[in-house]
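First comes the structure, then the notes that go with it.
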Amino acid sequence: MEYTLLCGKREKTKAMEAGSSRHEELEEEVIKKVKVRVDSAEDVWALKFLNFIVGANQLLFDGLTRELPLVGFAEGVWMVGVIDEIRMPEGQSDSYPKLVDTKTRATASLPREPQRRNGRLQLMCYKHLWDSLVADDFPSRQFFEFFSLNPNHILSAEIRERTAKCGFAAETLTDMLRYSRNTWCMLPPAHEQLLLRYEFQGDQSLLGEDQFEYDLDWVKGQIKCSLEVWRGEREASYTPEDERWKCWSCKFASECPASNSCSPRRKDTEG
């Protein structure tokens, strides 16, 4: 990440493009996209909240939704993301929605543990955000201030029209946030079991699944460790020695001292 900020983002690989296309396919299986014009930052956030409301209702009525946007305040920072898939359990006594993330692989093999660990962290962060939202732990004033938003800004005509078609009339971002809070309060916490799916990009076959338990203490520790870098409390660390096979697919390898100790191993790619 440090090299990305200093030298620029890496170009999208074929594996990354294939992964994006697959996620669009999965989304289109359950969601019909509609183009909506936005004219301001307030419109952008209003659309995110609208998409969450629509997706949450789909989850409650159909038992499944995909590409659900999230925003929340966790460990003293604002975090945003998009959940690949949320399912309501079938034939079970509990009603806790299960968070799912699909990773596509350019090779017909499961990833190594470091990549699986990253996927677990991502899903645990989503559950952390989800649970804080449904507990109505959303500091509205700090949200408006941090993102420099006018809570009384009149939303674009298209967004106001779209909200009316969805059954509620939102004129301002404050209205939109209020309807979002009403939706959050109807939702239960996410399931303690989280699921990572791995697909082969060649034929979309399932390579395997990684089901694991949520660990609140672990995810908080990981977020805290990352924030130490962002807040300037410590230097970013190099890739651990036992994971330096990653360096062979890194565009910054020639500039990074860590790559000097690399030895050739198989490369892992996913999208």
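No hydrogens, no waters, no symmetry mates; every other heavy atom, side chains included, goes into these values.
The number of heavy-atom neighbours closer than 6.0 Å to CZ of Arg37, taken from other residues, nucleotides and ligands shown, is 12 or below. Around CZ of Phe168, the count of heavy atoms belonging to other residues, nucleotides or ligands within 6.0 Å exceeds 12. The local environment of CD in Glu29 is crowded, with over 12 non-hydrogen atoms from other residues, nucleotides or ligands closer than 6.0 Å. More than 12 heavy atoms of other residues, nucleotides or ligands lie within 6.0 Å of CD in Glu209, so this atom counts as buried by the packing criterion. Counting heavy atoms of neighbouring residues, nucleotides and ligands inside a 6.0 Å radius, atom NZ of Lys251 exceeds 12 of them. Shown here is Met186, whose CE atom has more than 12 heavy atoms of other residues, nucleotides or ligands within 6.0 Å.
Rounded to the nearest 0.5 Å, atoms CZ (Arg181) and CD1 (Ile53) are 12.5 Å apart. We find the CD-OG1 distance between Glu171 and Thr163 to be 7.5 Å, quoted to the nearest 0.5 Å. Between atom CE of residue Met88 and atom CG of residue Leu64 there is a gap of 11.0 Å, rounded to the nearest 0.5 Å.
For the pairing with Glu27, the salt bridge (Lys or Arg N to Asp or Glu O under 4.0 Å) check across Lys33, Arg66, Arg22, Lys32 returns one residue only, Lys33.
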Exercise for review: Test Gln142 against Trp78 for side-chain contact (heavy atoms from CB on, under 4.5 Å), laying out the working first.
Suggested key: CA-CA 10 Å; Gln142 291 95 316; Trp78 286 97; 4.2 Å; yes

Check your understanding: Are Trp218 and Met124 close enough, and set up right, to give a side-chain contact (heavy atoms from CB on, under 4.5 Å), and what steps lead you there?
Key -> CA-CA 9 Å; Trp218 182 78; Met124 287 192 201; 3.5 Å; yes

Exercise for review: I would like to know whether Lys165 and Glu161 meet salt bridge (Lys or Arg N to Asp or Glu O under 4.0 Å); could you show each step before the answer?
Suggested key: CA-CA 6 Å; Lys165 287 182 178 179; Glu161 180 181 349; 3.5 Å; yes

Review point. Going through the checks in order, is the salt bridge (Lys or Arg N to Asp or Glu O under 4.0 Å) test met by Arg120 and Glu113?
Key: CA-CA 10 Å; Arg120 294 184 197 120; Glu113 175 56 27; 2.6 Å; yes

Review point. When you look at Trp230 and Val77, which way does the side-chain contact (heavy atoms from CB on, under 4.5 Å) test go after all the steps?
Key: CA-CA 11 Å; Trp230 289 108; Val77 295; over 6 Å; no

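Under 4.0 Å is where a charged nitrogen must lie from a carboxylate oxygen, and between Lys220 and Asp217 no such pair does.
No donor-acceptor distance shorter than 3.5 angstrom exists from the side chain of Thr65 to the backbone of Leu59, with no hydrogens or angles considered. Judged by distance alone, the side chain of Arg141 and the main-chain N or O of Glu145 form no donor-acceptor pair under 3.5 Å.
Ring orientation note: the planes of Trp184 and Phe138 are tilted relative to one another, at an angle of 30° to 60°.
Annotation: cation-pi pair Arg112/Trp245 present, NZ/CZ under 6.0 Å from the ring centroid and within 45° of its normal. Lys127 forms no cation-pi arrangement with Trp130, by the criterion of a distance under 6.0 Å to the ring centre and an angle within 45° of the ring axis.
Residues Phe49 and Phe143 place their aromatic rings such that the two centres sit under 6.0 Å apart.
Residues satisfying the ring-ring contact (aromatic ring centres under 6.0 Å, His included) test with Phe212, not counting sequence neighbours, are none.
No side-chain heavy atom of Val71 sits under 4.5 Å from any side-chain heavy atom of Phe52. Under the 4.5 Å side-chain criterion, counting only non-hydrogen atoms from C-beta, His128 is in contact with Glu75.
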